[in-house]
Amino acid sequence: MIFGLGWQLAGPILAVVTFLTIWWGHIMVRIVHYYYGIRPAPIIFGVGVLLLLISTQVGMDVVSAGLGIVGLTLLWDSFELHRQEARVRQGHAPLNPRVHREAAGTLASTLADERAGESHDEAGICLSCGSTETSRYLCRRGPYCKVHNWDKYPAPETADTST
C-alpha cells in the first residue's frame, strides 16, 4: 500500500492487453491478407467466438476479460480481412500477384486498355500491378514500372541467331 491506497492491477493489465491485441490484429490482417487473401476469415472468426465462449467460463476476472478482449479483436479482424480486400482493389494496400491473380490480371488489362493511346513513359503506371509514383508500395514487378528502377536489372543478352 502506497499512500494508504490499495493497488488494483486489472486496469493496467487489461489496457496493455487491449493495446497489444489491437496492434497485433492490425499487423495480422495485413500479413494474412497479403499471403492468404480472405480464405482464413472464417477460421479467425471461429477462434474469436471460441475465445469469447471460453472467457465466460473462466473463474479469474482478469483472465476472463483478457480472453474476451482477444476474442472480440479476432472477430473484428475477420471482418477487417474483407475490408482489406476492398483496400487492395482500390490500390490502397499491397497486392500479392500470386494470391490475387484475378485482381492483378484485371487491373493490368484495365490499365493497358486505358493507356493504349498514351506513351507508357509519360503515364508512369506499372501495367503489372497498377502502381504509380503515389502508390509505390503496390509495385511488385512490371516492365513499364516507373516507381522502381527496373533498368538496374537488365535483360540477359540474347544470341543473334539470324546470321
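Predicted, not measured: the structure shown is a model, and the values here were computed from it. Residue numbers run from 1 in the order of the sequence given.
Using a 4.5 Å cut-off between side-chain heavy atoms of Ile, Leu, Val, Met, Phe, Trp and Tyr, with links allowed through other members, I22 and I44 fall into different hydrophobic clusters. Cluster membership check: I31 does not share its hydrophobic cluster with F45, using side-chain heavy-atom separations under 4.5 Å among Ile, Leu, Val, Met, Phe, Trp and Tyr. V49 and I43 fall into different hydrophobic clusters, where Ile, Leu, Val, Met, Phe, Trp and Tyr side chains are chained together by heavy-atom contacts under 4.5 Å. One hydrophobic cluster, built from ILVMFWY side chains closer than 4.5 Å, cannot hold both L67 and L53; they sit in different ones. If you chain together hydrophobic residues whose side chains sit under 4.5 Å apart, I13 and L72 never meet in one group.
Across all their heavy atoms, L81 and G37 have their closest contact at CD2-O, 4.1 Å. Closest heavy-atom contact between V32 and P40: CG1-CG, 3.6 Å.
Within the model, atoms NE2 of H82 and CD1 of I38 stand 5.0 Å from one another, a figure rounded to the nearest 0.5 Å. Remark: T73 OG1 to W24 CH2 distance equals 8.5 Å, nearest 0.5 Å. Distance check, rounded to the nearest 0.5 Å: NE2 of H33 to CD of E85 gives 3.5 Å. For the atom pair CE of M28 and CG of D77, the computed distance is 4.0 Å after rounding to the nearest 0.5 Å. Expressed to the nearest 0.5 Å, how far OG of S64 lies from CG of L14 amounts to 9.5 Å. Interatomic distance, CG of L75 versus CG of L50, reported as 10.5 Å (0.5 Å rounding).
Here the side chain of R39 pairs a donor or acceptor atom with the backbone of Y36 at under 3.5 angstrom. For T21 (side chain) and V70 (main-chain N/O), no donor-acceptor pair under 3.5 Å exists by modelled atom type. Although no hydrogens or angles enter the test, the distance criterion places a donor-acceptor pair under 3.5 Å between the side chain of S55 and the main chain of L52.
Applying the 6.0 Å contact sphere to CZ of R87 captures more than 12 heavy atoms from other residues, nucleotides or ligands.
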